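Single-structure report; data block below.
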Amino acid sequence: MTDAATLTPTRDLFSKFDPLIAEREALLATGVRDPFSIVMDQVLSPTRAIIKGKETILLGTYNYMGMTFDPDVVAAGKKALDEFGAGTTGSRVLNGTYQGHREVEDALKEFYGTSSAMVFSTGYQANLGIISTLAGKGDYIILDADSHASIYDGCFLGDAEIVRFRHNSVEDLAKRLARLPADALKLVVLEGVYSMLGDIAPLPEMVAAIRQHPNCMILVDEAHGMGFFGPNGRGVYEEQGVEDDIDFVVGTFSKSVGTVGGFCVSNHPKFEIMRLVCRPYVFTASLPPSVVATAATSIRKLMHASDKRAHLWKNSKRLHQGLTDLGFTLGTKTPQSAIIAVILTDQAQAVAIWQSLLELGLYVNMARPPATPTGTFLLRCSLCAEHSDEQVEQIIKMFEVAGKATGAIA
Ligand code: PMP
């Protein structure tokens with residue numbers, strides 16, 4: 001170990017971060033609160049926490065269905081902790097499968113109506129593992145330019161040729177597919193809901209364009225669609241009626257399911273071989289018993305959650321309308337999902353309004369480049385089925401106060 005105090009080289013492997021460090025320091029010098037200093041000292045419910053002694057409405061959790069405090073879910077986790085211990089301490093390939101892993105995969109198979117389900121330690125690892133294992137050297141991955149980082153990282157790990165098409169453009173997708181060698185094997189990766197702006201993909205049109213070409217398999221990431229879209233809550237691909245055309249669905253337990261973990265479901269007859277060849281599955285520890293027990297319970301409850309889905313839609317529509325009426329520019333013209341993104345073009349103003357909201361008692365996510373396009377700053381709101389009508393009205397009022405105080409709205 002080098003001693004930082006005595007050995008400070010002018011240039012080392014951290015030098016590339018100097019511009020970012022300088023930008024961050026300049027921002028903090030203006031009095032902005034460091035996001036990493038914000039600690040939720042108590043979490044009271046899926047929608048409320050105590051931050052710095054102040055009760056705060058949570059509007060940036062992705063806890064769409066509010067399952068984190070569901071009494072059955074919490075009880076299942078406690079029971080598994082008592083009966084199976086705190087962790088598995090290794091990979092399922094070596095240490096073995098616990099009953100809870102089998103149960104959560106059975107719950108997923110039932111939820112999605114598929115023959116296979118494979119659980120990963122996170123959704124990030126599910127994309128990393130599935131994409132890199134399916135498509136390797138000599139294969140092609142065709143993906144939306146706005147794809148999640150885990151999709152991009154899966155592409156890089158697998159060494160396939162990457163072809164990007166313009167976000168949600170069926171025309172660009174068709175054009176790029178037409179240029180690829182017909183005999184090459186291809187994986188098209190789509191998302192049901194794109195989490196930056198909260199817009200959804202035109203999947204039937206995309207599937208029709210893809211089916212013009214041979215040797216294409218389709219993977220849809222439904223991280224932000226699970227629980228909320230479709231008659232069974234499977235995702236946008238179910239809502240839009242393209243279930244039979246999708247080869248793989250990737251998802252996460254960290255949003256509607258309310259815990260942590262990731263998965264891939266499929267009807268492919270050879271899918272189970274993935275358990276032996278997928279490195280981000282083989283070479284990492286499996287989820288703890290308490291986590292898989294909470295996930296299995298939550299997934300089974302989400303099969304019968306149409307009332308929650310209806311309330312979540314109501315919340316999303318009301319917030320979209322309220323913010324539009326106030327004069328904010330939003331990521332979508334109409335509410336398309338449970339994510340409502342307020343678009344700002346000035347970093348200082350975005351930070352000021354984010355901080356002002358926090359002081360008023362509202363926590364939202366702030367996203368900035370490189371996660372967003374250059375010059376775009378987002379205050380990303382994610383609604384929860386447990387937000388009450390009153391809370392949504394309070395949220396709109398807080399945006400009005402913060403927006404006016406910072407000059408973001410007139
Ligand atoms: N895919 C998408 C589209 C996501 O937004 C996320 C997380 N934000 C993931 C995958 C990764 O999920 P996890 O949090 O379970 O790693």
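Counting starts at 1 for both ligands and their atoms, following the listed order. Here the structure is a predicted model, which is why all the values come from computation and not from measurement.
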Worksheet item: Which ligand 1 atoms are under 4.0 Å away from a heavy-atom of His224?
Response: 3 (C), 4 (C), 5 (O)
Worksheet item: Mind checking whether Ala126 has a heavy atom under 4.0 Å from ligand 1?
Response: no
Practice prompt. Check whether any side-chain N or O of Glu238 sits under 3.5 Å from a backbone N or O of Asn232 as a donor-acceptor pair, and report yes or no.
Written response: yes
Worksheet item: Do the side chain of Lys186 and the main chain of Pro181 share a donor and acceptor less than 3.5 angstrom apart?
Response: yes
Item to complete: Determine the sole option in Ile246, Asp245, Ile210, Val236 for which the side chain to side chain contact (heavy atoms under 4.5 Å, CB included) test with Leu203 is passed.
Response: Val236
Worksheet item: Ser298 pairs by side chain to side chain contact (heavy atoms under 4.5 Å, CB included) with which of Thr259, Val73, Thr68?
Response: Val73
Practice prompt. Using a strict cut-off of less than 4.0 Å between a Lys/Arg side-chain nitrogen and an Asp/Glu carboxylate oxygen, indicate whether Glu105 and Arg92 qualify as a salt bridge.
Written response: yes
Worksheet entry | Polar contact flag for Gly123 and ligand 1 (N/O pairs, less than 3.5 Å) | yes
Fill in: Sub-4.0 Å heavy-atom approach of Ser150 to ligand 1
yes
Discussion item. Within ligand 1, which atoms have a heavy atom of Ala223 less than 4.0 Å away?
Written reply: 1 (N), 2 (C), 3 (C), 4 (C)
Discussion item. Out of all atoms in ligand 1, which are within 4.0 Å of some heavy atom of Gly261? Include the element for each.
Written reply: 15 (O)
Discussion item. Using a strict threshold of under 4.0 Å (side-chain N to carboxylate O), is an ion pair present between Lys301 and Asp307?
Written reply: no
Worksheet entry | Distance-only side-chain donor-acceptor flag, Ser45 / Glu386, under 3.5 Å | no
Worksheet item: Would you say His387's side chain and Leu58's backbone share a donor-acceptor pair under 3.5 angstrom?
Response: yes
Worksheet item: At a 4.0 Å threshold, what atoms of ligand 1 neighbour a non-hydrogen atom of Thr122?
Response: 15 (O), 16 (O)
Response to the item:
Thr252 heavy atoms within 4.0 Å reach ligand 1 at atoms 12 (O), 13 (P), 15 (O)
Worksheet item: Has ligand 1 got any nitrogen or oxygen that is less than 3.5 angstrom from a nitrogen or oxygen of Glu191?
Response: no
Worksheet item: Do any heavy atoms of Gln125 fall under 4.0 Å from ligand 1?
Response: no
Item to complete: Could you tell me whether Val260 approaches ligand 1 through its side chain, its backbone, both or neither, with non-hydrogen atoms closer than 4.0 Å?
Response: neither
Practice prompt. List every atom of ligand 1 that sits less than 4.0 Å from any heavy atom of Asn127, numbering the atoms from 1 in the order shown and giving each element.
Written response: 1 (N), 10 (C)
